[in-house]
K.L.:
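Encoded as structure tokens, here's the structure I'll be asking about.
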Amino acid sequence: MVNGILQKKRAFIGIYGCQMNISDAERMEGQLAALGYERTEDMADADLILLNTCCVRKTAEDKVYGKIGEVKHIKRAKPTLIFGLTGCMAQKEGDALIRRAPHIDFVLGTNKVHELKATVQELESKRRGHIVDVILSDAPLPENVPIERAGRLSAWVPIMYGCNNFCTYCIVPYVRGREHSRQPEDIVREVEEAAAQGFKEITLLGQNVNSYGKDHKRADFAELLLMVDAVKGIERVRYMTSHPKDLSLAVISAVQQGRHICPHFHLPVQHGSDRILKAMNRVYRKDAYRALVAQIRESVPTASLTTDLIVGFPGETEDDFAELLDFLREIRYDAAYTFLYSKRSGTPAATMTEQVEDAVKKERLHRLMDVQNEISFEKNAALLGTLQEVLAEGPSRTDEDVWTGRTGTNKIVLWQKKGHETEGDLVHVRITQPQTWVLKGELQ
Ligand code: SAH
Ligand code: SF4
Ligand code: F3S
């Protein structure tokens, strides 16, 4: 070039929260790449720092406030640095973030992912002033935002945005807005593009995937699953999250009939006491949930079942908690993601008077994890000697010679590399050492 070597710009992208945030960040990285940014893992080296934030629990917010503090020092040393916040906490706090931390240059809300490019361009040319846009619109979000996918085998594909459920503890409906489903052909096109790029596994994302299509009525979730399953080159179809109140028999039978739809149901129950479920506004009760699990296990006997649980919801008594433990022993989940209830202001549960003390919550969480870990271990132990089909992901983090991958049931498998397996292969591993979190085995 006439002006010498064009200096590459570098962007640090910090991602917090759920898969939806990872997926949004891929669309943001795509826009930054179009502006000439390449990614760095070192904040001090960055020309642009972007934090894609989460506010589902206080701990998630605390992490972000910690990072905002770190960036203050970096920006002092490098005033040209552009610093922005996106995601759920950005949506919730809006310009309050800038009042609290004036070194933040821009705040974009959850519906503004596609506006990152224009925002950064504006700041690059002006180098002063703040930009805040956190309007939650009701219009469909733009398609054709460039995507820089984080993985090489597994692709996240959002199918719907927002949530209409208003569980009383949860901030998500307030920061993600109402449910909007993408058009089926846009989703299928995205899956086809991912397949053409070599992706083998896709995960369809939404806060409540079972209500997909209720707004546009062009296809329901069961139909969408089968459309996506038909895309050539895709070996595995996953989805999350299923709300038990809307999981239809049609979805269960799609999993059963599909070619590549994984036999894994992540069906967050949240609690095992009907009284607490009611106070949480989870709509279903234990009996309906039991019936659903029975239906899943009858139709797809090989299926694994996982869940999310909240401990210490306001008003949770020792009896309620005992019911939760009993329910875990009854259902026998393969794994459970367990959370301490975190008070989110603006949600109905935050104003409930009988908040549970921290120490009690923590003690219950430990007891809960003890019960669940034992069940998880027993479930995995039952797989000793079985042959599992595993999508090979590559070397494990700690040892080049130990490879890792997952079963269709979403269990992590580790094995000693033999030499002929490559990333993206579907391999067979005989389980020789089942553990609570992983299955160790031998490649066949
Ligand atoms: N839409 C998904 C959940 C998204 S949030 C669903 O309904 O399944 C992921 C998990 O975070 C929830 O399942 C719940 O277990 C947990 N969670 C949400 N709000 C919380 C809060 N205020 N405190 C603790 N855990 C919470
Ligand atoms: Fe939150 Fe409930 Fe919506 Fe899930 S379904 S995002 S827990 S309000
Ligand atoms: Fe967090 Fe928002 Fe996901 S609050 S869990 S990043 S939808």
Side-chain angles (χ1 to χ4, degrees), residues 14-25 28 51-64 85-93 109-111 113 134 136 156 158-179 204-212 239-247 265-272 276-277 279-284 289 305-314 316 324 333 335-352 355-356 358 361-362 364-365 368 372:
I15 307 170
Y16 303 82
C18 64
Q19 287 76 7
M20 194 57 91
N21 255 17
I22 302 178
S23 166
D24 285 345
M28 296 194 238
L51 303 181
N52 195 27
T53 62
C54 170
C55 58
V56 75
R57 284 170 288 275
K58 184 171 179 294
T59 45
E61 285 189 322
D62 289 346
K63 280 188 212 155
V64 174
L85 264 69
T86 53
C88 294
M89 188 177 143
Q91 181 67 49
K92 177 156 88 71
E93 300 295 326
T110 53
N111 274 187
V113 168
V134 292
L136 270 179
W156 308 108
I159 63 166
M160 57 190 299
Y161 303 101
C163 180
N164 292 351
N165 289 315
F166 292 94
C167 303
T168 55
Y169 49 81
C170 186
I171 194 79
V172 172
Y174 304 90
V175 293
R176 287 273 172 180
R178 295 296 65 73
E179 284 176 4
L204 304 178
L205 295 178
Q207 295 303 339
N208 177 13
V209 290
N210 300 302
S211 58
Y212 173 78
Y239 55 90
M240 63 194 315
T241 296
S242 273
H243 194 302
K245 85 178 163 71
D246 303 307
L247 179 64
F265 289 81
H266 181 61
L267 202 57
V269 71
Q270 310 297 357
H271 211 279
I276 299 291
L277 287 175
M280 286 177 160
N281 189 31
R282 286 295 286 188
V283 187
Y284 56 85
Y289 188 94
L305 186 67
T306 57
T307 199
D308 290 354
L309 302 167
I310 296 178
V311 179
F313 183 83
E316 181 189 74
L324 170 55
Y333 292 101
Y337 301 88
T338 52
F339 305 107
L340 285 175
Y341 168 71
S342 173
K343 198 165 148 180
R344 305 285 68 205
S345 61
T347 63
T351 55
M352 293 180 183
Q355 299 288 328
V356 178
D358 265 359
K361 280 190 217 170
K362 285 186 184 145
R364 286 182 188 163
L365 184 71
L368 179 91
Q372 182 53 45

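Atoms within each ligand, like the ligands themselves, are counted from 1 in listed order. The first residue in the sequence is number 1, and the count goes up from there. Atom set for the values below is all heavy atoms of this structure, side chains included, hydrogens, waters and symmetry mates excluded.
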K.L.:
Has Thr307 got a side-chain atom pairing as donor or acceptor with Leu267's backbone, closer than 3.5 angstrom?
P.N.:
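Answer holds: yes.
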
K.L.:
Applying the side chain to side chain donor-acceptor pair (under 3.5 Å) test to Thr86, which of Thr110, Thr53, Asn21, Asn52 qualifies?
P.N.:
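When Thr110, Thr53, Asn21, Asn52 are each tested with Thr86, the side chain to side chain donor-acceptor pair (under 3.5 Å) holds only for Asn52.
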
K.L.:
Does Thr168 use its side chain to pair, donor to acceptor, with the backbone of Ala279 at less than 3.5 Å?
P.N.:
yes

K.L.:
Please confirm if an N, O or S atom belonging to Cys170, backbone or side chain, lies less than 2.8 Å from atom 1 (Fe) of ligand 2.
P.N.:
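Checking atom 1 (Fe) of ligand 2 against Cys170, an N, O or S atom does fall under 2.8 Å.
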
K.L.:
Please list, in number order, the atoms of ligand 3 under 4.0 Å from a heavy atom of Cys18.
P.N.:
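Counting atoms of ligand 3 from 1, those under 4.0 Å from Cys18 are 3 (Fe), 5 (S), 6 (S), 7 (S).
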
K.L.:
What do we get for Phe166 next to ligand 2 when only non-hydrogen atoms under 4.0 Å count, side chain, backbone, both or neither?
P.N.:
backbone

K.L.:
So for Val172, does at least one of its heavy atoms come nearer than 4.0 angstrom to any atom of ligand 1?
P.N.:
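The answer is no: ligand 1 sits nowhere under 4.0 Å from a heavy atom of Val172.
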
K.L.:
Would you check if atom 3 (Fe) of ligand 2 lies under 2.8 Å from any N, O or S atom of His243?
P.N.:
no

K.L.:
How are the rings of Tyr284 and Tyr289 set relative to one another: parallel (under 30°), tilted (30 to 60°) or perpendicular (over 60°)?
P.N.:
tilted

K.L.:
Just which atoms of ligand 2 are under 4.0 Å from any heavy atom in Gln207?
P.N.:
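Those atoms are 6 (S).
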
K.L.:
Between Asn210 and Ser242, do the side chains contain an N or O donor and an N or O acceptor separated by less than 3.5 Å?
P.N.:
yes

K.L.:
Examine the proximity of ligand 2 to Cys163 and report which part, side chain or backbone, both or neither, has a heavy atom under 4.0 Å away.
P.N.:
side chain

K.L.:
Would you mind telling me if ligand 1 is within reach of the side chain of Val56, the backbone, both or neither, using heavy atoms under 4.0 Å?
P.N.:
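Both parts.
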
K.L.:
What I want to find out is whether Lys361 reaches Glu316 closely enough, with some N-O distance under 4.0 Å, to be called a salt bridge.
P.N.:
no

K.L.:
Taking N or O atoms only and a 3.5 Å limit, does Thr241 qualify as a polar contact for ligand 1?
P.N.:
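In this structure, Thr241 places no N or O atom under 3.5 Å from an N or O of ligand 1.
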
K.L.:
Give the contacting part of Lys343 toward ligand 1: side chain, backbone, both or neither, where contact means a heavy-atom distance below 4.0 Å.
P.N.:
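For Lys343, no heavy atom sits under 4.0 Å from ligand 1.
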
K.L.:
Does ligand 2 have a heavy atom under 4.0 Å from the side chain of Glu179, from its backbone, from both, or from neither?
P.N.:
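Neither; no heavy atom under 4.0 Å.
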
K.L.:
Quick check on contacts: which atoms of ligand 1 are under 4.0 angstrom from a heavy atom of Tyr341?
P.N.:
23 (N), 24 (C)

K.L.:
Looking at Tyr337, I want to see if its OH is surrounded by more than 12 non-hydrogen atoms of other residues, nucleotides or ligands under 6.0 Å.
P.N.:
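Result for OH/Tyr337: open.
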
K.L.:
Taking only heavy atoms of Arg282, which atoms of ligand 1 are found under 4.0 Å from at least one of them?
P.N.:
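Atoms satisfying the 4.0 Å criterion: 7 (O).
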
K.L.:
Judged by atom type as modelled, is there a donor-acceptor pair below 3.5 Å linking the side chain of Gln270 to the main-chain atoms of Met280?
P.N.:
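Side chain of Gln270 to backbone of Met280: no pair is present.
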
K.L.:
So which heavy atom in the protein is nearest atom 2 (Fe) of ligand 2, and how far is it from that ligand atom?
P.N.:
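The closest one turns out to be Cys167 SG, 2.3 Å.
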
K.L.:
Could you check whether Arg57 pairs with Asp62 (Lys NZ or Arg NE/NH1/NH2 to Asp/Glu carboxylate O, under 4.0 Å)?
P.N.:
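So Arg57 does not pair with Asp62 through a salt bridge.
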
K.L.:
Give the contacting part of Leu340 toward ligand 1: side chain, backbone, both or neither, where contact means a heavy-atom distance below 4.0 Å.
P.N.:
backbone

K.L.:
What's the shortest distance from atom 1 (Fe) of ligand 3 to any protein heavy atom, and which residue and atom give it?
P.N.:
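Of the protein heavy atoms, Cys54 SG, 2.3 Å lies nearest.
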
K.L.:
Give yes or no for whether the N/O distance cutoff of 3.5 Å, strictly under, is met between Ser242 and ligand 1.
P.N.:
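No; the residue has no nitrogen or oxygen that sits under 3.5 Å from a nitrogen or oxygen of the ligand.
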
K.L.:
Please report which non-hydrogen protein atom sits nearest to atom 5 (S) of ligand 2, along with the residue it belongs to and the distance in Å to one decimal place.
P.N.:
Asn165 ND2, 3.3 Å

K.L.:
May I ask whether Ile171 places a heavy atom under 4.0 Å from ligand 1?
P.N.:
no

K.L.:
Around atom 2 (Fe) of ligand 3, find the nearest protein heavy atom and jot down its residue, atom name and distance.
P.N.:
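Protein heavy atom with the smallest distance to atom 2 (Fe) of ligand 3: Cys88 SG, 2.2 Å.
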
K.L.:
Among protein heavy atoms, which lies nearest atom 7 (S) of ligand 2, and at what distance?
P.N.:
Tyr169 OH, 3.4 Å

K.L.:
Test of understanding: given a 4.0 Å heavy-atom threshold, classify the contact between Phe339 and ligand 1 as side chain, backbone, both, or neither.
P.N.:
side chain

K.L.:
Does ligand 3 have any atom sitting under 4.0 Å from a heavy atom of Arg176?
P.N.:
yes

K.L.:
If you have a sec, work out which protein heavy atom is nearest atom 16 (C) of ligand 1 and how many Å separate them, to one decimal?
P.N.:
Arg57 NH1, 3.2 Å

K.L.:
Answer side chain, backbone, both or neither: which part of Arg344 comes under 4.0 Å from ligand 1, heavy atoms only.
P.N.:
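Answer for Arg344: side chain.
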
K.L.:
Go through ligand 1 atom by atom and flag the ones less than 4.0 Å from a non-hydrogen atom of Pro268.
P.N.:
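Per the distance check, 8 (O).
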
K.L.:
Are Gln19 and ligand 3 in contact, using a heavy-atom cut-off of under 4.0 Å?
P.N.:
no

K.L.:
With no hydrogens and no angle check, do the side chains of Glu179 and Ser211 hold a donor and an acceptor under 3.5 Å apart?
P.N.:
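Yes, because at least one side-chain N or O of Glu179 sits under 3.5 Å from a partner of the opposite role on Ser211.
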
K.L.:
Would you say ligand 1 has an N or O under 3.5 Å from any N or O of Ser342?
P.N.:
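Yes, since at least one N or O of Ser342 sits under 3.5 Å from an N or O of ligand 1.
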
K.L.:
When you look for heavy atoms under 4.0 Å from ligand 2, do you find them on the side chain of Pro268, its backbone, both, or neither?
P.N.:
neither

K.L.:
Give the residue and atom name of whichever protein heavy atom lies nearest to atom 7 (S) of ligand 3, and the separation in Å to one decimal.
P.N.:
Gln207 NE2, 3.3 Å

K.L.:
Quick check on Gly87 - does any of its heavy atoms sit under 4.0 Å from an atom of ligand 3?
P.N.:
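Distance cut 4.0 Å: Gly87 fails for ligand 3.
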
K.L.:
State, without any angle test, whether Asn165 and Asn281 hold a side-chain donor-acceptor pair at a distance under 3.5 Å.
P.N.:
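The criterion, which ignores hydrogens and geometry beyond distance, is not satisfied for Asn281 and Asn165.
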
K.L.:
Given Ile15, Asn21, Ile171, Asn52, which has its nearest heavy atom closest to atom 6 (S) of ligand 3?
P.N.:
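It is Asn21 that holds the nearest heavy atom.
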
K.L.:
With a 4.0 Å cut-off on heavy atoms, does Asn208 reach ligand 1?
P.N.:
no

